[in-house]
Protein chains: 2
Amino acid sequence: MQRQPRPYTCGIDAAIDVIGGKWKVLILWALHTGPQRFGELKRLVPGITEKMLIQQLRELESDDIVHREVHHQVPPKVEYSLTDFGTSLNDSLKPLGEWGEQHMDRIVATRHPQHD
Amino acid sequence: MQRQPRPYTCGIDAAIDVIGGKWKVLILWALHTGPQRFGELKRLVPGITEKMLIQQLRELESDDIVHREVHHQVPPKVEYSLTDFGTSLNDSLKPLGEWGEQHMDRIVATRHPQHD
DNA sequence: TCAGGTACTTACCAGAATGTCAGTGAGGAG
DNA sequence: CTCCTCACTGACATTCTGGTAAGTACCTGA
């Protein structure tokens, strides 16, 4: 995300700026059942690379959406969890998620008309 | 947007695929008060170029989010409006918009720390 | 005949976003 | 002493998004 100064036309605009990109909402989604380790997240978000996962986690962390907790152990263990702020974001994302869920078929059909 | 086949991990994923990008939600927002002509939209969505506006409108149209109505007149007149589907999307976007609205200050503060 | 308004269309390009891949450090197992 | 796991990091390549600037077609009014 670009992080350029934007006065934001409306609230959605601001929210999209926080959760924009290909992976953020998926990470949020993976986190909504509870804290997860780095490696677990990698498994929970299919297709993401380590670089992207860390990068997005760092951004979410600096936006105070996720919390990062390091356990100083020998194979390192780091747990990521939603902050209260992140939880509130996730909650307000729910209706959109339900909309997507309900209309998934239609979305898939119009956006990816079977061509093979 | 990439339009590649994606099984979609969750509903939000699908929804984001439909409204993703820099302009879609702003167009939706501009449309939520009623139908608008092309030129009006251009004014309502500050900063958008004609190319982007048309491109995004076309995509929204093909996703059946907006309806395009041509009035065959001499200075051409084309009106864009939300379909029922688009209205339902807009509705489910509302909580996110409210979240953004509520936390706008915080978002701006964390994402754009004053550096001049 | 010629500029003007409206809704586009097209070619080209910069820069942002994402991906690939190889490497790091610390301690435990063998 | 070497390899293994885990959580990263960095250089580089590619792909995608959005931006600029110009042009089109149509009819109208001067």
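Numbered from 1 within each chain, the chains take letters A, B, ... in sequence-line order.
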Close side-chain approach of B:Glu79 and B:His71, heavy atoms under 4.5 Å: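 Side-chain contact under 4.5 Å: yes.
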Heavy-atom side-chain contact between A:Arg106 and B:Phe85 under 4.5 Å: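 The answer is yes; the side chains approach within 4.5 Å.
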Write down the distance between [atom1] ([X]) and [atom2] ([N]), rounded to a whole number of angstrom.
X: A:Met52; N: D:dA11; atom1: CE; atom2: P; answer: 15 Å
X: B:His71; N: C:dT6; atom1: NE2; atom2: P; answer: 15 Å
X: A:Glu69; N: D:dC8; atom1: CD; atom2: P; answer: 13 Å
X: B:Phe38; N: C:dG5; atom1: CZ; atom2: C1'; answer: 13 Å
X: A:Lys42; N: D:dT5; atom1: NZ; atom2: C1'; answer: 10 Å

5'-most by nearest nucleotide on DNA chain C - A:Ile48 or B:Lys51: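 It is B:Lys51 whose nearest nucleotide is closer to the 5' end.
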Report yes if at least one side-chain N or O of [X] is closer than 4.0 Å to OP1 or OP2 of [N]; otherwise report no.
X: A:Arg58; N: D:dT9; value: yes
X: A:Arg43; N: D:dC6; value: no
X: B:Arg37; N: C:dA7; value: yes

ILVMFWY cluster, B:Leu44 and B:Ile65 together (side-chain gap under 4.5 Å):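 Per the 4.5 Å side-chain linkage, B:Leu44 and B:Ile65 are not co-clustered.
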Side chain of [X]: nearest nucleotide among [options]?
X: B:Pro76; options: C:dG5, D:dA7, C:dT18; result: C:dG5
X: B:Pro75; options: C:dT6, C:dG19, D:dC8; result: C:dT6
X: A:Arg68; options: C:dT18, C:dA7, D:dC8; result: D:dC8
X: A:Thr49; options: D:dT9, C:dT20, C:dT18; result: C:dT20

Residue pair B:Ser88 / A:Trp99, side-chain donor-acceptor N/O under 3.5 Å: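 Result is yes, a qualifying pair exists.
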First of B:Glu50 and A:Val78 reached from the 5' end of DNA chain D, by closest nucleotide: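 Of the two residues, A:Val78 wins.
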